[in-house]
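Here the structure is a predicted model, which means the values were calculated and not measured.
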Amino acid sequence: MHTDFTNMYINGEWVNGSSEKSIDNVNPFSNETLFSIQSADEEDLNRAYEAAKASQSDWADMLPQARRELIEKFAQLTMDNKDFIVDWLVKESGSTRIKAESEFAASMAIIKEAATFPFRMDGLIKPSIVPNKENRVYRKPLGVIGIISPWNFPFHLAVRSIVTALATGNTVVVKPATATPVTGGLLFASLFEEAGLPKGVLNVVVGRGSEIGDAIVEHPIPRLISFTGSTEVGQGIAEKAGRLLKKTALELGGNNVFVVLDDADLDRAVESAVYSKFFHQGQICMSTNRILVAESIHDEFVNRYVERVKQLKAGNPNEKDTQVGPLIDHDQVDRILDQIEKTVDAGATVHTGGTADGNVLEPTVLSGVTNDMPLAKNEIFGPVAVILSFKDDEEAVRLSNELPYGLSGAVHGSVYRATNFARKVETGMIHVNDQSVNDEPHMPFGGEKNSGLGRFNGEWVLEEFTTLQWVSVMHERREYKPFFS
């Protein structure tokens, strides 16, 4: 297995980037530079796309069992190198051991699901309004797919697009986030190379957004761009792709609500709300952003919640019992501390936290928050919980839907009531008597409104990453009356 990650992977070769600039890979907890890699430029990206295009037809023509066998071999190699991958997640993305293990398990689940896709490229035979004619619908790969992976769950959120694209006969160019080039891209090149993937089928270019960010979308070869990241960047990608009539699969920001109705089991709700806010320091698109609590139970919930949050261990992510590790860089720390200050100035109360040690931001809880305060109206993406109160279910629905996001959510209460409430929330995913950070490989994953376009996982991602071709077949000579009499 290739473990020198100071090069990128283009057309089956480990090569230097051609940019004059380099990228430092920095451990977000220790601030140690792990290594530096020469950045890619547009010519490197072009070579990667050309290689993917040249290899795509042969890859698509491969028998489905051969593609499945290669993905299964990749899965076995991934499992064999679990400790190596988990270590990289800890030191490169600031993952706690708890989060890294969870991310690895989620990644294995989607790899196993994708291994079934080569035999799920279903077509149709439909009747025709023309005598002696047959209509056939064939499902085909799109061709070449460009993937831009994020830094927060880099291994899982990259692999779900990579293995799906490969399993359905597409070839791939991956641009990982510059903060996580290994776990978001180069690890896959290494593992798939060892698995025997043909040259050009998977390419990984490590480059700055300022140098190749527009080009990876606007290049004429890719037919779909898969992106996970902020709404602002995703809107720019959608605009560029739309102008060029490219498909997009976009998982964007979430301002997710966690609603506690007045008949909820408080202990259960508190545990769920702590997990869905502070898992991976809240740096997850599905993390709870706003906790909405019924007025009649608000004070009791806040007291119990703050008590549990104070028990969380924050610090070195490499220690097995650490629950909250560092943010990805100090810019994020400064941004969130500024939003805490502005939210307090607007009338909120800090119950615990509010300080940072290096890139580790202490788990923080505020109450007295309203939807117009900075920490409520913006996606926090950090270990800060904000609690809002509501008078009745109608107001809770209004507060939930007031902001232009709709990725995930949760609601606690009696099952019938909470389920009816969940159906009224404008979100792609919502979980009753559970937390908001859920992902299952066979269930549709995606958002509404400003939280994205399309769905990942299962049969739904098959629709995203393939196209349909109608082929009609005349079995007898057709009469073209009255054109020919």
Side-chain angles (χ1 to χ4, degrees), residues 1-28 30-55 81 84-85 87-94 144-152 154-155 157-159 161-162 171-194 197 199-219 221-222 225-229 233 237 328-331:
M1 178 180 171
H2 187 95
T3 58
D4 177 5
F5 297 121
T6 58
N7 301 117
M8 60 195 68
Y9 191 72
I10 299 176
N11 199 23
E13 303 291 338
W14 293 91
V15 297
N16 286 321
S18 302
S19 170
E20 295 180 355
K21 298 179 180 179
S22 63
I23 294 171
D24 292 333
N25 190 0
V26 178
N27 181 317
S30 67
N31 287 316
E32 169 196 2
T33 298
L34 302 171
F35 64 85
S36 296
I37 182 171
Q38 202 69 22
S39 184
D41 64 8
E42 287 194 25
E43 181 51 37
D44 295 321
L45 180 67
N46 181 64
R47 288 191 295 113
Y49 271 136
E50 291 289 352
K53 181 180 179 181
S55 62
N81 288 280
F84 183 76
I85 295 166
D87 284 344
W88 268 105
L89 284 168
V90 171
K91 65 187 178 185
E92 184 178 55
S93 70
V144 178
I145 290 178
I147 298 171
I148 306 171
S149 67
W151 51 258
N152 60 331
F155 196 79
L157 297 181
V159 79
S161 289
I162 292 171
T171 54
V172 171
V173 174
V174 183
K175 179 201 166 309
T178 53
T180 53
V182 177
T183 50
L186 296 172
L187 269 173
F188 302 108
S190 180
L191 291 164
F192 269 112
E193 181 182 54
E194 189 169 350
L197 191 72
K199 289 186 175 184
V201 173
L202 170 64
N203 306 271
V204 180
V205 291
V206 181
R208 298 173 181 273
S210 58
E211 291 190 89
I212 63 172
D214 289 345
I216 195 168
V217 178
E218 295 177 336
H219 195 283
I221 287 179
I225 302 297
S226 175
F227 169 77
T228 302
V233 175
I237 288 172
I328 193 67
D329 57 44
H330 206 71
D331 287 346

Return the set of residues passing salt bridge (Lys or Arg N to Asp or Glu O under 4.0 Å) with [X] (not counting sequence neighbours), or none when no residue passes.
{"X": "D87", "result": "R97"}
{"X": "R47", "result": "D44"}
{"X": "K199", "result": "E13"}

Under the side chain to side chain contact (heavy atoms under 4.5 Å, CB included) test, which residues partner [X], sequence neighbours left out?
{"X": "S210", "value": "R208"}
{"X": "N31", "value": "V26, N359"}
{"X": "S22", "value": "Q38"}

Non-hydrogen side-chain atoms of [X] and [Y] separated by less than 4.5 Å:
{"X": "T171", "Y": "K53", "result": "no"}
{"X": "V205", "Y": "I10", "result": "yes"}
{"X": "F84", "Y": "T3", "result": "yes"}
{"X": "I162", "Y": "I147", "result": "yes"}

Between G146 and P222 the two heavy atoms that sit nearest each other are N-CB, 4.1 Å
Taking every non-hydrogen atom, the tightest pair across A48 and N203: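 In this case the closest contact between A48 and N203 is O-ND2, 3.6 Å.
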Return all side-chain donor-acceptor pairs below 3.5 angstrom for residues 211-219, not counting sequence neighbours, or 'none' if the list is empty.
unit_1, atom_1, unit_2, atom_2, d
E211, OE1, S19, OG, 2.8
E211, OE2, S19, OG, 3.0
E218, OE2, R243, NH2, 3.0
H219, ND1, I221, N, 3.2
H219, NE2, N46, OD1, 2.8

By ring pair (Phe, Tyr, Trp, His ring centres under 6.0 Å), F227 pairs with (sequence neighbours left out) none
Who are the side-chain hydrogen bond (donor to acceptor under 3.5 Å, both in side chains) partners of [X], not counting sequence neighbours?
{"X": "S36", "value": "D24"}
{"X": "D4", "value": "T6"}
{"X": "N81", "value": "none"}

Gap between atom [atom2] of [Y] and atom [atom1] of [X] - 0.5 Å precision:
{"X": "F5", "Y": "L34", "atom1": "CZ", "atom2": "CG", "answer": "11.5 Å"}
{"X": "S55", "Y": "N11", "atom1": "OG", "atom2": "CG", "answer": "7.5 Å"}
{"X": "E193", "Y": "L202", "atom1": "CD", "atom2": "CG", "answer": "10.0 Å"}
{"X": "N27", "Y": "S93", "atom1": "CG", "atom2": "OG", "answer": "9.5 Å"}
{"X": "N152", "Y": "L157", "atom1": "CG", "atom2": "CG", "answer": "6.0 Å"}

Just distance, no hydrogens or angles: give the donor-acceptor pairs under 3.5 Å from side chains in residues 172-192, sequence neighbours left out.
unit_1, atom_1, unit_2, atom_2, d
K175, NZ, G207, O, 3.2
T183, OG1, E92, OE1, 2.5
S190, OG, H2, N, 3.0
S190, OG, H2, O, 2.7

